[in-house]
Novice: 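Pasting a structure below so you can have a look.
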Amino acid sequence: MTEPMVTLIFLLFLATGSLAQTANDVSWAKRVDTGSQVITTMQFYFHDTLSGSNPSAIKVAQPQSSANSLGGFGNLMMVDDPLTEGPDKNSKLIGHARGMYGSAAQNELGLIMVLNYGFTDGVYKDSSFSLLSLNPALQAVREMTIVGGTGLFRLARGYALAQTYWIDPSTGDAIVGYNVTIATYI
Ligand SMILES: *[C@@H]1O[C@H](CO)[C@@H](O)[C@H](O)[C@H]1NC(C)=O
């Protein structure tokens, strides 16, 4: 091919938009490579209270017929669970986990967690992250996915390792320790 022809083909290629991702050639969007990543680690406790007159987790839906499924397949809970610095419920309140979890596995205990962890303490006040993950609740340590966030957690990606600190098997009330690792960009 002659050189002018190669140039022409290249220009046609550009015109089709095939290279738009690498060229800042639109007026309504731009890409900047900042290269700087921040890793945040956290440790806190999640208080899930089903019993008593003021439960923080309430059942909002259940299947019409609850066949003999191990984990109560189909039950859906709405929660507003306090997050504290230590395992004691009276230790410093640092935020709330708000959202839902539901029993999503037929032959085992598998909870689908759709929760916003919003913080109220220090520089993390008004920052939150969103967790969307299956929780294999009978495993000693459950790894769950963090998919995004707001404030200091904008563009978050990460994971939580959850381990039950205390549980009352008769009511289901539980205190769960969380170790969280989040990557964000500045
Ligand atoms: C969470 O972190 C603490 C302190 O580093 C550690 O002792 C504990 O084993 C961790 N738990 C999990 C489930 O990773």
Side-chain angles (χ1 to χ4, degrees), residues 36-52 54-59 69-73 75-186:
S36 34
Q37 193 173 47
V38 178
I39 302 291
T40 307
T41 57
M42 286 169 261
Q43 193 178 1
F44 56 79
Y45 291 82
F46 168 100
H47 299 261
D48 197 41
T49 306
L50 286 72
S51 69
N54 188 27
S56 64
I58 57 171
K59 191 188 284 181
S69 73
L70 177 63
F73 181 53
N75 285 329
L76 185 61
M77 308 288 289
M78 184 71 72
V79 314
D80 182 354
D81 283 347
L83 305 173
T84 59
E85 190 171 16
D88 186 335
K89 195 158 189 181
N90 297 315
S91 66
K92 188 180 199 181
L93 181 72
I94 61 158
H96 291 88
R98 291 174 168 148
M100 289 176 280
Y101 62 81
S103 181
Q106 280 191 291
N107 301 315
E108 57 196 272
L109 186 54
L111 303 174
I112 185 72
M113 311 279 281
V114 186
L115 290 169
N116 181 83
Y117 292 70
F119 297 91
T120 51
D121 189 40
V123 292
Y124 295 98
K125 185 177 185 309
D126 297 331
S127 293
S128 70
F129 64 77
S130 293
L131 183 147
L132 172 58
S133 198
L134 197 73
N135 176 358
L138 294 181
Q139 284 181 15
V141 177
R142 287 85 67 185
E143 180 174 348
M144 296 180 281
T145 319
I146 290 162
V147 295
T150 64
L152 288 177
F153 298 128
R154 283 178 182 175
L155 299 180
R157 294 173 298 128
Y159 62 93
L161 297 177
Q163 188 164 24
T164 303
Y165 174 81
W166 171 85
I167 187 162
D168 178 345
S170 63
T171 59
D173 292 358
I175 300 172
V176 181
Y178 273 68
N179 287 2
V180 171
T181 302
I182 286 182
T184 49
Y185 299 90
I186 45 173

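When a ligand or atom number is given, it counts from 1 through the structure's own listing order. This one's a predicted model, so the numbers in the text were calculated from it and none came from an experiment.
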Novice: If you count every heavy atom of other residues, nucleotides or ligands that lies below 6.0 Å from Lys89 atom NZ, does the total exceed 12?
Specialist: yes
Novice: Using side chain to side chain donor-acceptor pair (under 3.5 Å), reason through Ser56 and His47 one step at a time and then give a plain yes or no.
Specialist: CA-CA 8 Å; Ser56 64; His47 299 261; over 6 Å; no
Novice: Specify the protein heavy atom at minimum distance from atom 4 (C) of ligand 1: its residue, its atom name, and the distance to 0.1 Å.
Specialist: Gln43 OE1, 3.8 Å
Novice: Identify the protein heavy atom lying closest to atom 2 (O) of ligand 1, giving its residue, its atom name and the separation to 0.1 Å.
Specialist: Asn179 ND2, 2.2 Å
Novice: Tell me the closest heavy-atom pair linking Leu111 and Tyr101, and the distance in Å.
Specialist: CD1-CD1, 4.0 Å
Novice: As an exercise, identify every atom of ligand 1 less than 4.0 angstrom from a heavy atom of Leu161.
Specialist: 14 (O)
Novice: Just to confirm my output: which protein heavy-atom neighbour is closest to atom 13 (C) of ligand 1, and how far is it?
Specialist: Gln163 OE1, 3.2 Å
Novice: Can the ring centres of Phe153 and Tyr117 be said to be less than 6.0 Å apart?
Specialist: no
Novice: Specify the closest pair of heavy atoms between Ile146 and Val180, including all atoms of both residues, with the distance to one decimal.
Specialist: CD1-CG1, 3.6 Å
Novice: Are any non-hydrogen protein atoms located under 4.0 Å from atom 9 (O) of ligand 1?
Specialist: no
